[in-house]
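First comes the structure, then the notes that go with it.
Since the model is a prediction, treat every value here as computed from it, not as a measurement. Convention: sequence-line order gives letters A, B, ...; per-chain numbering from 1. Values below: all heavy atoms of this structure, side chains included; hydrogens, waters and symmetry mates excluded.
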Protein chains: 2
Amino acid sequence: MARRSEHTREQLGELILGAAEQLIAENGMAGLSARAIAKAIGYTPGTIYLVFANLDDVILHVNARTLDRLFAPIEKAVAGDDTPTGQLVRAARAYVEFARAHPNLWRACFEHRLPSEQTGPDYIDMRIQRLIALIMPPLAAASRAEGAHLNAAAQALWSGVHGICILSLTNKLHLVGGQATEHLTDDLVIHYLTGLAARGVGTSLGSG
Amino acid sequence: MARRSEHTREQLGELILGAAEQLIAENGMAGLSARAIAKAIGYTPGTIYLVFANLDDVILHVNARTLDRLFAPIEKAVAGDDTPTGQLVRAARAYVEFARAHPNLWRACFEHRLPSEQTGPDYIDMRIQRLIALIMPPLAAASRAEGAHLNAAAQALWSGVHGICILSLTNKLHLVGGQATEHLTDDLVIHYLTGLAARGVGTSLGSG
DNA sequence: ACCTGAACACCGTTCAAGT
DNA sequence: ACCTGAACACCGTTCAAGT
């Protein structure tokens, strides 16, 4: 055995990522193992380590693919013929929809725990930044915010939708089906944007 | 060996949960194993299965403890001598602060993946419901919402803060330190409440 | 009755050895 | 150069056997 050379290093990488993606999609991270990947592609576990540093490295590259797939529907939402607020509502819905359609892959992107809280690789950070950047133009238009304020608003809004997504997906809320999730998303986005558009409230906590 | 009877079943349970809690707090879920717990309390791994069904069961009981510890600071925040909006801002800050103080225990509560998306045990659901219920009174006062609308608002707001928390803790946002996280939290809560108080916007997406 | 200790079926990762 | 297969140090969980 050894020296089959049936695939180039790149092809082998694609095979591994494809198998890993399918395994995660089917059974979550619990379904993923080096031995399972190897079995799926007809190689032995050691082969994986010729292409990737370790299993974490494989997972991170699967996550990069998932974040790439998430980009298109969000991009389409903010490019739609709609008001800025409408674009943002639709972008949020697209986010939730994607998470519901690919729950295990989506969760892998955000629950994969690096050792000791350290930051992920740049190619993951970049992709997340690109997603957040998508909602900046409509958010600027809907709120007249700019600069650091706009940036903070984009992060807050995106995080908020993300939170609804994760708690809904893991059944931590008492929701039934996707309609309730979408309703919560709309509620958060619309009220946040309404509040943001009513400028100058800043830290005046006495509005209640 | 066998038949030491140095501890009652209840004491053994406490020992196990205490050791598990410490292991998770120190090294996250990665630091937890039946063998590590056993070693920490001076028993063999088999003993754990006399008290708990499995390791998942242990984790869920640690999570119940964590959620109980989270209750007090939130309760204190909403009981403070402040406006309803101020109480909610402080409750959100308390949530973020707790998560930052106990990142591994907090993450264990929300990232622990049950097999196949099924819902967690009632004693976990109950505790989460109790937390959400805490913010209902000030939220009702700040927004004049009631019934299903109030319930949805509480879930949306809580999820939103949760989302900021998790993304901040896992470094998915470009934030430096806890100040930026608190600022995002304030931003989300205040603008959401402002928008919520400006009733009747409902699904009118054309406000941008 | 309580607890052990060995076993089973798994892991991630490494690396000498084969072609 | 490429890949294997066996090994190492781990897992969660079970359960016959000991006291």
Side-chain angles (χ1 to χ4, degrees), chain A residues 1-21 23-24 26-63 104 108 111-116 118, chain B residues 1-21 23-24 26-63 104 108 111-116 118:
Chain A
M1 348 227 149
R3 193 166 184 77
R4 308 195 311 193
S5 294
E6 291 172 0
H7 302 99
T8 66
R9 196 185 174 80
E10 280 75 25
Q11 286 174 323
L12 214 42
E14 286 302 311
L15 280 176
I16 291 167
L17 290 182
E21 186 175 278
L23 286 165
I24 294 175
E26 281 167 4
N27 295 308
M29 298 273 256
L32 190 73
S33 77
R35 285 170 166 89
I37 294 172
K39 192 177 177 186
I41 65 173
Y43 280 81
T44 55
T47 306
I48 296 169
Y49 295 84
L50 297 174
V51 186
F52 295 97
N54 48 42
L55 210 56
D56 257 22
D57 193 22
V58 175
I59 295 169
L60 288 169
H61 279 87
V62 170
N63 289 348
N104 290 332
E111 294 188 358
H112 175 240
R113 56 184 60 228
L114 286 301
S116 76
Q118 68 195 2
Chain B
M1 349 230 150
R3 193 165 183 76
R4 309 196 309 194
S5 294
E6 290 171 2
H7 301 99
T8 66
R9 197 186 172 82
E10 280 75 25
Q11 286 175 323
L12 214 42
E14 286 303 312
L15 280 175
I16 291 166
L17 289 182
E21 187 174 277
L23 286 165
I24 294 175
E26 281 167 4
N27 295 309
M29 298 273 257
L32 189 72
S33 78
R35 284 170 166 89
I37 295 172
K39 193 176 177 185
I41 64 173
Y43 280 82
T44 55
T47 305
I48 296 169
Y49 295 84
L50 298 175
V51 185
F52 295 97
N54 48 41
L55 211 55
D56 258 22
D57 193 22
V58 175
I59 294 169
L60 288 169
H61 279 86
V62 170
N63 289 347
N104 291 332
E111 294 187 1
H112 175 239
R113 53 184 64 229
L114 285 302
S116 78
Q118 68 195 2

**Study point:** Residue matched to dC8(D) through Watson-Crick or wobble contacts both under 3.5 angstrom
**Key:** dG12(C)

Exercise for review: To the nearest Å, give me how far apart CD1 (Ile37(B)) and P (dT13(D)) are.
Suggested key: 10 Å

Review point. What is the distance, rounded to the nearest whole Å, between atom NZ of Lys39(B) and atom C1' of dC11(D)?
Key: 15 Å

Check your understanding: Which heavy-atom pair separates Asp56(B) from His112(B) by the least distance, and what is that distance?
Key -> OD1-NE2, 3.1 Å

Review point. Arg35(B) has an atom CZ; how far is it from atom P of dT4(C), in whole Å?
Key: 14 Å

**Study point:** Interatomic distance, Asp56(A) CG vs dT13(C) C1' [rounded to whole Å]
**Key:** 12 Å

Review point. Please give, in whole Å, the distance from dA1(D) C1' to His7(A) NE2?
Key: 17 Å

Check your understanding: For the pair made of CG in Asp57(B) and P in dG12(D), what is the distance, rounded to whole Å?
Key -> 14 Å

Practice item. Check whether any side-chain N or O of Ser5(B) sits under 4.0 Å from OP1 or OP2 of dC2(C), and answer yes or no. Key: no

Exercise for review: Measure from CD1 on Ile16(A) to C1' on dC3(D) and round the result to the nearest Å.
Suggested key: 12 Å

Review point. Separation of Leu32(B) atom CG from dC10(D) atom P, in whole Å?
Key: 16 Å

Review point. More 5' along DNA chain C: Pro45(B) or Arg9(B), using each one's nearest nucleotide?
Key: Arg9(B)

Study note, to complete from the structure: On a heavy-atom basis, the closest approach of Gly13(A) and Val51(A) is CA-CG1, 3.8 Å

Check your understanding: Taking only side-chain nitrogens and oxygens of Thr44(A), does any of them come within less than 4.0 Å of OP1 or OP2 of dG5(D)?
Key -> no

Check your understanding: Contact class for Leu12(A) vs. all strands (heavy atom < 4.0 Å): base, sugar-phosphate, or nothing?
Key -> sugar-phosphate

**Study point:** Least distance between heavy atoms, Ala36(A) atom then Gly31(A) atom
**Key:** CB-O, 4.3 Å

Check your understanding: Looking at Arg4(A), does any N or O in its side chain come under 4.0 Å of the phosphate oxygens OP1/OP2 on dT4(D)?
Key -> yes

Review point. Can you name the nearest heavy-atom pair linking Ile16(B) to Ile48(B), along with the distance?
Key: CD1-CA, 3.9 Å

Review point. With nearest nucleotides of DNA chain D determined for Gly46(A) and Asn54(B) from heavy-atom distances, which residue corresponds to the more 5′ nucleotide?
Key: Gly46(A)

Revision key, fill the gap. Assert: residue with more 5' nearest nucleotide on DNA chain C, out of Ala36(A) and Thr47(A), is Ala36(A)

**Study point:** Least distance between heavy atoms, Ile24(A) atom then Ala108(A) atom
**Key:** CG2-CB, 4.2 Å

Check your understanding: Does Tyr49(B) have a side-chain nitrogen or oxygen under 4.0 Å from the phosphate oxygens OP1 or OP2 of dT14(D)?
Key -> no

Exercise for review: Identify whether any heavy atom of Leu50(A) sits under 4.0 Å from a base atom; if not, whether one sits that close to sugar-phosphate; answer base, sugar-phosphate or nothing.
Suggested key: base

Revision key, fill the gap. Mate of dA17(C) across any strand shown (Watson-Crick or G-U wobble, both atom pairs under 3.5 Å) is none

